[in-house]
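Read through the structure below, which is laid out as structure tokens, and then see the notes.
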Amino acid sequence: MGTDERTARGRIGAPGIVFMIGGAIGLLLSFTTFEWYSAPKATGDSVGKITFSELRHNLDRFPAQGRPSASVAYFGGLAWALLIALIIVAFAANLPIRASNGLRLLGLFLGLAGAALTYYTLSRYAQATHDLFGTGSGALDNASLGIWCALGGYLLAGIGAALGPRPPGFDTISP
């Protein structure tokens, strides 16, 4: 192994960190600023723009038996916990440490799980609104920038974790 290769593997994974930061920013904006659903008010039963926090508050209006537990957990803090865990794991996965191999895999898993849980939560929420109030929209019907930034943000940060460098001295074959 040449000196250049050994030096390159001992560096922080800048591309992975950039991906992680991009995903984290997308998620932060999704949770705090962007609307998740937008529907024209001309439909009569539409409420217009709906944000992450409004979805959380709307769950309080559901009867206790009609609240989907996945949605309650997700909007009640699980989405934020996944974001924080993903940032920590993805950053650590991009450091030149021995544990980065496992952290790269864990970060990718957290990113995929975050995106899948976001979609599952929204589909359960849509099903509950259909069952309780007779609405006929699906999880991604009238989806706005907030949903796409949440889905993409988890995936982007997970990819950022997976891009981490191989730790120094972690060769499979020695010369």
Side-chain angles (χ1 to χ4, degrees), residues 16 19-93 99 102-164:
F19 273 67
M20 180 270 298
I21 290 172
I25 289 171
L27 283 160
L28 285 170
L29 290 172
S30 171
F31 295 165
T32 61
T33 305
F34 297 148
E35 64 186 52
W36 279 46
Y37 289 105
S38 177
K41 289 190 180 263
T43 60
D45 63 342
S46 174
V47 293
K49 299 175 183 178
I50 300 173
T51 63
F52 179 89
S53 63
E54 288 168 345
L55 287 169
R56 180 174 37 95
H57 292 302
N58 286 344
L59 283 170
D60 294 337
R61 296 184 185 109
F62 287 25
Q65 316 83 316
R67 290 185 192 137
S69 57
S71 298
V72 171
Y74 184 85
F75 292 110
L78 183 57
W80 285 101
L82 272 171
L83 168 61
I84 292 166
L86 185 53
I87 289 171
I88 292 168
V89 170
F91 182 78
L103 292 171
R104 287 194 322 261
L105 184 60
L106 177 60
L108 180 61
F109 172 77
L110 286 173
L112 292 171
L117 185 61
T118 300
Y119 177 78
Y120 178 73
T121 295
L122 294 172
S123 66
R124 298 305 306 145
Y125 189 97
Q127 183 63 47
T129 58
H130 171 69
D131 293 347
L132 294 170
F133 310 115
T135 60
S137 61
L140 299 179
D141 292 349
N142 301 313
S144 287
L145 186 58
I147 289 176
W148 300 117
C149 281
L151 293 170
Y154 280 121
L155 294 175
L156 194 61
I159 290 168
L163 291 176

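Only a predicted model underlies this, so the values are computations on that prediction, with no experimental measurement involved.
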What pairs with Leu59 under side chain to side chain contact (heavy atoms under 4.5 Å, CB included), at least two apart in sequence or on another chain?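 Side chain to side chain contact (heavy atoms under 4.5 Å, CB included) check on Leu59 returns Phe62, Pro68, Ser71, Val72, Phe75, Tyr125.
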
Decide yes or no on side-chain hydrogen bond (donor to acceptor under 3.5 Å, both in side chains) for Glu54 and Asn58, but give the supporting numbers first. CA-CA 6 Å; Glu54 288 168 345; Asn58 286 344; over 6 Å; no

Ser123: which residues meet the side chain to side chain donor-acceptor pair (under 3.5 Å) condition with it, sequence neighbours left out?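 Once residues adjacent in sequence are excluded, Ser123 has no partner under the side chain to side chain donor-acceptor pair (under 3.5 Å) criterion.
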
Just to verify, what does Thr121 make a side chain to side chain donor-acceptor pair (under 3.5 Å) with, not counting sequence neighbours?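 Partners of Thr121 by the side chain to side chain donor-acceptor pair (under 3.5 Å) criterion come out as none, since no residue qualifies.
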
Measure across [X] and [Y] and return the closest heavy-atom pair with its distance rounded to 0.1 Å.
{"X": "Thr118", "Y": "Ala150", "answer": "CG2-CB, 4.2 Å"}
{"X": "Gly26", "Y": "Cys149", "answer": "O-CB, 3.6 Å"}
{"X": "Ala161", "Y": "Ala93", "answer": "O-CB, 3.6 Å"}
{"X": "Arg104", "Y": "Gly164", "answer": "CD-O, 3.1 Å"}
{"X": "Gly114", "Y": "Leu82", "answer": "CA-CD1, 4.0 Å"}
{"X": "Ala115", "Y": "Leu151", "answer": "O-CD2, 3.3 Å"}

Measure the [atom1]-[atom2] distance between [X] and [Y] for me, rounded to the nearest 0.5 Å.
{"X": "Asn142", "Y": "Ile50", "atom1": "CG", "atom2": "CD1", "answer": "9.0 Å"}
{"X": "Leu78", "Y": "Leu83", "atom1": "CG", "atom2": "CG", "answer": "11.0 Å"}
{"X": "Leu156", "Y": "Leu86", "atom1": "CG", "atom2": "CG", "answer": "9.5 Å"}
{"X": "Phe34", "Y": "Leu145", "atom1": "CZ", "atom2": "CG", "answer": "4.5 Å"}

Could you tell me whether Tyr74 atom OH has more than 12 heavy atoms of other residues or ligands within 6.0 Å of it?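 Buried by this count: over 12 neighbours within 6.0 Å.
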
Give a yes or no on whether the backbone of Gly146 and the side-chain of Tyr37 come within a donor-acceptor separation of less than 3.5 Å.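 A pair under 3.5 Å: no.
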
Please check if the side chain of Arg67 supplies one atom and the backbone of Asp60 the other of a donor-acceptor pair under 3.5 Å.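 Yes; judged by distance alone, with no hydrogens or angles, the pair exists.
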
Answer yes or no: is there a side-chain heavy-atom contact under 4.5 Å between Ile87 and Met20? yes

Side-chain touch Leu117/Tyr154, heavy atoms, less than 4.5 angstrom: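 A side-chain contact under 4.5 Å is absent here.
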
Stepwise side-chain contact (heavy atoms from CB on, under 4.5 Å) check, Phe52 with Ile147: CA-CA 9 Å; Phe52 179 89; Ile147 289 176; over 6 Å; no

Mind running side-chain hydrogen bond (donor to acceptor under 3.5 Å, both in side chains) on Ser30 and Trp148 for me, showing each step along the way? CA-CA 8 Å; Ser30 171; Trp148 300 117; over 6 Å; no

